[in-house]
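Shown next, in structure tokens, is the structure this report addresses.
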Amino acid sequence: MYEYLIYNRLKKAAVAQKTFHIPGHKDRGEFKKLFPVSGLDVTELPYSDNLHDPDEIIAAAQRDIAEILGAGASFITTDGSSSGVYAMLYAASLKGNKIIVLRNSHQSVWTGCRLLGLEPLIVQGDEIEGVLSFPDPKIIEGLISADEKIAGVLVTSPDYYGNIAPLDRLSQITKEYNRLLLVDEAHGAHLAFGDKKGYAGLYADAWTDGAHKTLPTLTQGAVVCVNNAEIYPYIQEGLSMFRTTSPSYPIMASVEYGVKYLANNPAKVQAAKLAVENFVRECEGVLPVVVNEDWTKLLIDFKPLGISAETALSLLEKKGTYAEFCDGRYILFYLSPMIDVNELRDLKRRLLPITENRKLEGTFRDKPQIPSADRSYSFLYALKKPCELVDLEDAVGRMCARNAGVTPPCIPVIAAGEIITVQAVKTLMAAAHTFGLREGKIYAVKK
């Protein structure tokens with residue numbers, strides 16, 4: 001059994017005098033009553049170690065985490081997965097000035113490329129049933145084999161829809177050409193437990209797990225792992241630049257807890273997975289549940305029902321049931337090893353009256369497609385050029401100056417450097433929620 005080192009140390013020291021150092025709440029008065037965790041909220045003290053240069057309790061906790069996750073080294077971060085993505089991109093920037101990314105990459109990938117001067121080479125798979133599939137690895141191999149300046153590949157796996165990238169094939173390609181395989185596994189921290197199917201740690205040079213998304217961990221808690229000794233110092237250096245200098249000790253302790261709790265309680269993962277499998281089986285012929293590669297992503301497809309997914313979500317929320325997101329076709333219920341079988345039964349009881357409501361039939365409207373774009377100029381080039389806001393209707397044929405897309409799930413329909421197409425405009429105009437636009441206008445490079 002693994003001991004919760006950071007939590008136990010903080011809990012033991014919670015009675016220590018907290019007057020003459022930060023944080024400002026001093027673990028006093030009403031604040032202490034409202035936020036019981038305040039006793040664990042400390043700064044770098046002799047008993048609490050230092051996340052940026054650990055040599056005691058945090059260092060020991062990170063060694064344990066690396067052992068559990070099968071990594072050469074693991075680093076706790078209290079800034080979510082984003083700082084881990086930045087650190088991986090920093091390591092890549094020292095190996096080349098280009099990196100292959102997917103269309104559905106997280107915002108942190110695009111921001112990191114912009115900050116570090118990395119040119120993202122965008123690859124995009126086919127859209128199947130409203131969801132982008134992973135592109136053929138042969139496309140990625142073709143790009144890598146033709147350009148020595150490509151540092152490697154950064155993929156998102158699993159994605160919001162439960163799709164897992166072909167990491168085994170990508171690992172073969174990147175190793176053959178001496179490039180990096182980096183994985184944004186923000187949605188897959190749970191994959192390290194159980195059968196490990198699709199787990200990035202089996203294939204990647206470095207990967208980032210959003211512990212708070214699927215482990216019993218506080219929001220913003222994440223882990224960055226490295227298996228390539230060559231880039232270990234660069235990941236470490238990158239984290240020193242991008243992580244906060246005032247990390248939250250409660251979040252830090254909860255990251256260690258989340259990883260070790262599942263290591264100490266392996267039956268928890270199996271029980272939750274079995275409960276979800278039973279739910280899916282019970283819904284056959286009743287609810288159109290999408291079978292995917294990640295059991296924590298429970299997707300209900302409202303197109304076969306002919307029912308508006310937005311209306312269904314609104315009715316659920318009135319009953320106190322909140323999903324992760326609705327993209328206009330699918331509603332995603334984001335699960336974890338902490339899910340309870342009774343909660344799944346309750347979800348089914350709340351869904352059935354909606355799906356059986358004949359008054360809602362015929363209300364479904366298909367969501368806009370993600371079009372393929374024409375990249376005529378580089379991402380970095382477009383970002384540096386003077387730009388202006390242009391009405392969407394007048395933007396066709398112009399070069400996009402800032403990423404713009406639909407949310408959820410925050411996928412760029414058009415990226416900086418790409419030529420704005422008729423289909424891209426139609427997609428943006430039809431979407432209920434977008435990003436990168438301002439009052440219906442898009443940023444285009446000035447003529």
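For the pair Val101/Ile122, a side-chain contact is recorded, criterion being any heavy-atom separation below 4.5 Å from C-beta on. Between Leu298 and Leu347 the shortest side-chain heavy-atom distance falls below 4.5 Å. Contact check for Leu167 versus Tyr199: no side-chain heavy atoms found under the 4.5 Å cut-off. Here the side chains of Phe134 and Val155 are in contact, with some heavy-atom distance below 4.5 Å. No side-chain heavy atom of His190 sits less than 4.5 Å from a side-chain heavy atom of Val269. Within the 4.5 Å cutoff, side-chain heavy atoms of Leu215 are placed close to those of Phe193. Using a 4.5 Å cut-off on side-chain heavy atoms (C-beta onward), Arg103 and Ile411 make contact. With contacts defined as side-chain heavy-atom distances shorter than 4.5 Å, the pair Lys384/Arg114 does not qualify.
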- Task: Could you walk me through whether Phe333 and Ile339 pass side chain to side chain contact (heavy atoms under 4.5 Å, CB included), step by step?
- Result: CA-CA 11 Å; Phe333 300 96; Ile339 195 70; over 6 Å; no
- Task: Please report the C-alpha distance between Thr208 and Thr77 in whole Å, then the side-chain angles of each, then the deciding distance to 0.1 Å, and finally whether the side chain to side chain contact (heavy atoms under 4.5 Å, CB included) criterion is met.
- Result: CA-CA 10 Å; Thr208 299; Thr77 173; 5.7 Å; no
- Take Ile442 and Cys400 through the test side chain to side chain contact (heavy atoms under 4.5 Å, CB included) and record every step on the way to the result. CA-CA 8 Å; Ile442 190 169; Cys400 186; 4.3 Å; yes
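The distance from the CG atom of Asp209 to the OG atom of Ser81 is 7.5 Å, given to the nearest 0.5 Å. Atom OH of Tyr322 sits about 9.5 Å away from atom CG of Leu313, to the nearest 0.5 Å. In this structure, OH on Tyr160 lies 12.0 Å from CG on Asn104, to the nearest 0.5 angstrom. To the nearest 0.5 Å, atoms CH2 (Trp110) and CG (Leu115) are separated by 14.5 Å. The distance from atom CG of Leu132 to atom CG of Asp159, rounded to the nearest 0.5 Å, is 8.5 Å. Rounding to the nearest 0.5 angstrom, the gap separating the CG atom in Leu191 from the OG1 atom in Thr214 is 7.5 Å.
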Identify all side-chain donor-acceptor contacts of residues 50-61 below 3.5 Å with residues at least two apart in sequence or on another chain.
{"unit_1": "Asn50", "atom_1": "OD1", "unit_2": "His52", "atom_2": "N", "d": "2.9"}
{"unit_1": "His52", "atom_1": "NE2", "unit_2": "Thr244", "atom_2": "O", "d": "2.8"}
{"unit_1": "Glu56", "atom_1": "OE1", "unit_2": "Arg9", "atom_2": "NH1", "d": "2.9"}
{"unit_1": "Glu56", "atom_1": "OE2", "unit_2": "Arg9", "atom_2": "NH1", "d": "3.4"}
{"unit_1": "Glu56", "atom_1": "OE2", "unit_2": "Arg9", "atom_2": "NH2", "d": "3.2"}

Can you list, pair by pair, the side-chain donor-acceptor contacts under 3.5 Å of residues 299-308, counting residues two or more places apart and other chains?
{"unit_1": "Asp301", "atom_1": "OD1", "unit_2": "Lys303", "atom_2": "N", "d": "3.0"}
{"unit_1": "Asp301", "atom_1": "OD1", "unit_2": "Arg329", "atom_2": "NE", "d": "2.9"}
{"unit_1": "Asp301", "atom_1": "OD2", "unit_2": "Arg329", "atom_2": "NE", "d": "3.4"}
{"unit_1": "Asp301", "atom_1": "OD2", "unit_2": "Arg329", "atom_2": "NH2", "d": "2.9"}
{"unit_1": "Lys303", "atom_1": "NZ", "unit_2": "Asp366", "atom_2": "OD2", "d": "3.1"}
{"unit_1": "Ser308", "atom_1": "OG", "unit_2": "Glu310", "atom_2": "N", "d": "3.4"}
{"unit_1": "Ser308", "atom_1": "OG", "unit_2": "Glu310", "atom_2": "OE1", "d": "3.3"}
{"unit_1": "Ser308", "atom_1": "OG", "unit_2": "Thr311", "atom_2": "N", "d": "3.1"}
{"unit_1": "Ser308", "atom_1": "OG", "unit_2": "Thr311", "atom_2": "OG1", "d": "3.1"}

Which pairs would a plain distance check flag for residues 230-238, meaning a side-chain donor or acceptor within less than 3.5 Å of a matching protein atom at least two apart in sequence or in another chain?
{"unit_1": "Glu237", "atom_1": "OE1", "unit_2": "Tyr90", "atom_2": "OH", "d": "3.2"}
{"unit_1": "Glu237", "atom_1": "OE2", "unit_2": "Tyr90", "atom_2": "OH", "d": "3.2"}

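Within a 6.0 Å sphere centred on NZ of Lys95, heavy atoms belonging to other residues, nucleotides or ligands number more than 12. More than 12 heavy atoms of other residues, nucleotides or ligands lie within 6.0 Å of CD in Glu44, so this atom counts as buried by the packing criterion. When the shell of 6.0 Å around CD of Glu176 is examined, it contains more than 12 heavy atoms from other residues, nucleotides or ligands. In the displayed structure, Tyr203 atom OH is contacted under 6.0 Å by more than 12 heavy atoms of other residues, nucleotides or ligands. Other residues, nucleotides and ligands place no more than 12 heavy atoms under 6.0 Å from the NZ atom of Lys197.
Counting only distance, with no hydrogens or angles, the side chain of Glu256 and the backbone of Ile6 share a donor-acceptor pair below 3.5 Å. Remark: side-chain polar atoms of Thr421 are paired, donor with acceptor, to backbone N or O of Ala424 under 3.5 angstrom. Lys446 places no side-chain N or O within 3.5 Å of a backbone atom of Lys385 that could act as its donor or acceptor partner. A donor-acceptor pair under 3.5 Å links the side-chain atoms of Thr217 to the main chain of Ser254, judged by distance alone. With hydrogens and angles ignored, the 3.5 Å screen pairs no side-chain donor or acceptor of Asp391 with any backbone N or O of Glu393. Using a distance-only test at 3.5 Å, with no hydrogens or angles considered, no donor-acceptor pair links the side chain of Thr407 to the main chain of His433. Of the possible polar contacts, one joining the Arg243 side chain to the Ile76 backbone as a donor-acceptor pair under 3.5 Å is found. Looking only at distances, a side-chain donor or acceptor of Gln220 sits under 3.5 Å from a matching main-chain atom of Thr78. Put simply, the side chain of Asn227 gets close to the backbone of Gly72: a donor and an acceptor are under 3.5 Å apart. The closest donor-acceptor contact from the side chain of Glu119 to the backbone of Phe379 lies under 3.5 Å.
Thr427 pairs by the side-chain contact (heavy atoms from CB on, under 4.5 Å) definition with Pro368, Pro371, Val406, Val413, Gln423, not counting sequence neighbours. For the side-chain contact (heavy atoms from CB on, under 4.5 Å) test, residues two or more places apart in sequence or in another chain that qualify with Val131 are Tyr161, Asn163, Tyr330. For Glu67, the side-chain contact (heavy atoms from CB on, under 4.5 Å) criterion is met by Tyr2, not counting sequence neighbours.
A side chain to side chain contact (heavy atoms under 4.5 Å, CB included) with Ile420 holds for exactly one of Val390, Leu428, Asp394, Ile414; it is Ile414. Tested against Ile100 for a side chain to side chain contact (heavy atoms under 4.5 Å, CB included), the candidates Ile144, Leu154, Asp147 yield a single pass: Ile144. Among Glu324, His187, Lys213, the one residue that satisfies the side-chain hydrogen bond (donor to acceptor under 3.5 Å, both in side chains) test with Tyr334 is His187.
Closest of all the heavy-atom pairs between Asn264 and Tyr4 is ND2-OH, 3.6 Å. The two residues Gly198 and Ile164 make their nearest non-hydrogen contact at CA-CG2, 3.9 Å. The two atoms that bring Ser74 and Leu69 nearest to each other are OG-CD1, 4.4 Å, heavy atoms only. Of all heavy-atom pairs spanning Thr296 and Ser336, the tightest one is CG2-CA, 4.3 Å. Contact detail for Tyr443 and Gly436: the closest heavy-atom pair is CD1-O, 3.8 Å. Closest of all the heavy-atom pairs between Ala323 and Ile331 is CB-CG2, 3.5 Å.
A salt bridge links Asp195 to Lys273: at least one charged side-chain nitrogen sits closer than 4.0 Å to a carboxylate oxygen. Ion pairing of Glu388 with Arg398 is present here, as a side-chain N (NZ or NE/NH1/NH2) and a carboxylate O approach within less than 4.0 Å.
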